[in-house]
Amino acid sequence: MVNATKGLLISCDIPMAQFIINLNATRPASQKFIIHVLDNTHIFVQPHMAEMIRSAIAEFRDLNSYEKPA
């Protein structure tokens with residue numbers, strides 16, 4: 001018998017995938033969103049968590065962006 005799970009496939013570079021995996025690891029067991037890590041650059045996640053992942057990535061990028069002093 002086949003089991004199908006609805007999800008969202010994230011394709012990214014290795015550092016961003018590690019960030020997403022770490023983000024998942026810091027959440028309580030009831031709020032984990034990764035269904036399966038397919039390889040180093042592809043992660044299958046629960047679709048309702050897409051916006052939370054996007055906002056966490058945007059915040060991470062903002063914190064790690066260089067702004068030239070005026």
Side-chain angles (χ1 to χ4, degrees):
M1 180 177 279
V2 176
N3 285 335
T5 304
K6 186 175 183 179
L8 176 71
L9 177 66
I10 297 177
S11 179
C12 56
D13 61 357
I14 294 173
M16 190 54 64
Q18 289 302 311
F19 173 76
I20 294 168
I21 291 168
N22 185 51
L23 181 65
N24 184 65
T26 60
R27 301 178 69 83
S30 63
Q31 295 180 356
K32 295 205 184 275
F33 54 85
I34 292 181
I35 298 170
H36 191 72
V37 177
L38 302 171
D39 61 25
N40 288 338
T41 59
H42 297 91
I43 304 172
F44 193 58
V45 300
Q46 296 176 358
H48 65 278
M49 298 300 282
E51 192 55 42
M52 185 280 303
I53 296 168
R54 281 189 190 105
S55 64
I57 290 171
E59 182 179 330
F60 177 71
R61 286 185 175 166
D62 289 344
L63 290 173
N64 291 303
S65 294
Y66 175 75
E67 292 182 19
K68 186 177 179 181

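We're numbering straight along the sequence, starting at 1.
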Checklist line | Atom pair CG (N22) and CG (N24), whose distance is rounded to the nearest 0.5 Å | finding: 9.5 Å
Notebook entry, point to check: Do you know the tightest heavy-atom contact between G7 and P47?
Noted result: CA-CD, 3.6 Å
Checklist line | I10 side, atom CD1; F33 side, atom CZ - distance, nearest 0.5 Å | finding: 7.0 Å
Checklist line | Straight-line distance of M49 CE to I20 CD1, nearest 0.5 Å | finding: 12.0 Å
Check: Is it the case that one hydrophobic cluster holds both I35 and I43, taking links as side-chain heavy atoms less than 4.5 Å apart, direct or via other members?
Finding: no
Notebook entry, point to check: Which atom names give the shortest non-hydrogen contact between K32 and A25, and what distance separates them?
Noted result: NZ-O, 3.4 Å
Notebook entry, point to check: Is R27 atom CZ crowded by more than 12 heavy atoms from other residues, nucleotides or ligands, each under 6.0 Å away?
Noted result: yes
Item checked: side-chain contact (heavy atoms from CB on, under 4.5 Å) partners for D62, two or more places apart -> none
Next item on the list: Answer yes if I21 and M52 sit in the same cluster of Ile, Leu, Val, Met, Phe, Trp and Tyr residues linked by side chain heavy atoms under 4.5 Å apart, and no otherwise.
Entry: yes
Notebook entry, point to check: Is there a path of hydrophobic side-chain contacts, each under 4.5 Å between heavy atoms of I, L, V, M, F, W or Y residues, that connects F44 with F19?
Noted result: no
Check: Are side-chain heavy atoms of M16 and R61 found at a separation under 4.5 Å?
Finding: yes
Next item on the list: Hey, could you give me the NE2/CG distance between H36 and L9, rounded to the nearest 0.5 Å?
Entry: 11.5 Å
Note to self: Using the rule side chain to side chain contact (heavy atoms under 4.5 Å, CB included), only one of T41, I34, N40 pairs with V37; which is it?
What the structure shows: I34
Margin query: Please give me the minimum heavy-atom distance between C12 and A17, naming the atom from each residue.
Written below: SG-N, 3.5 Å
Item checked: In one Ile/Leu/Val/Met/Phe/Trp/Tyr side-chain cluster, 4.5 Å: V45, L38 -> no
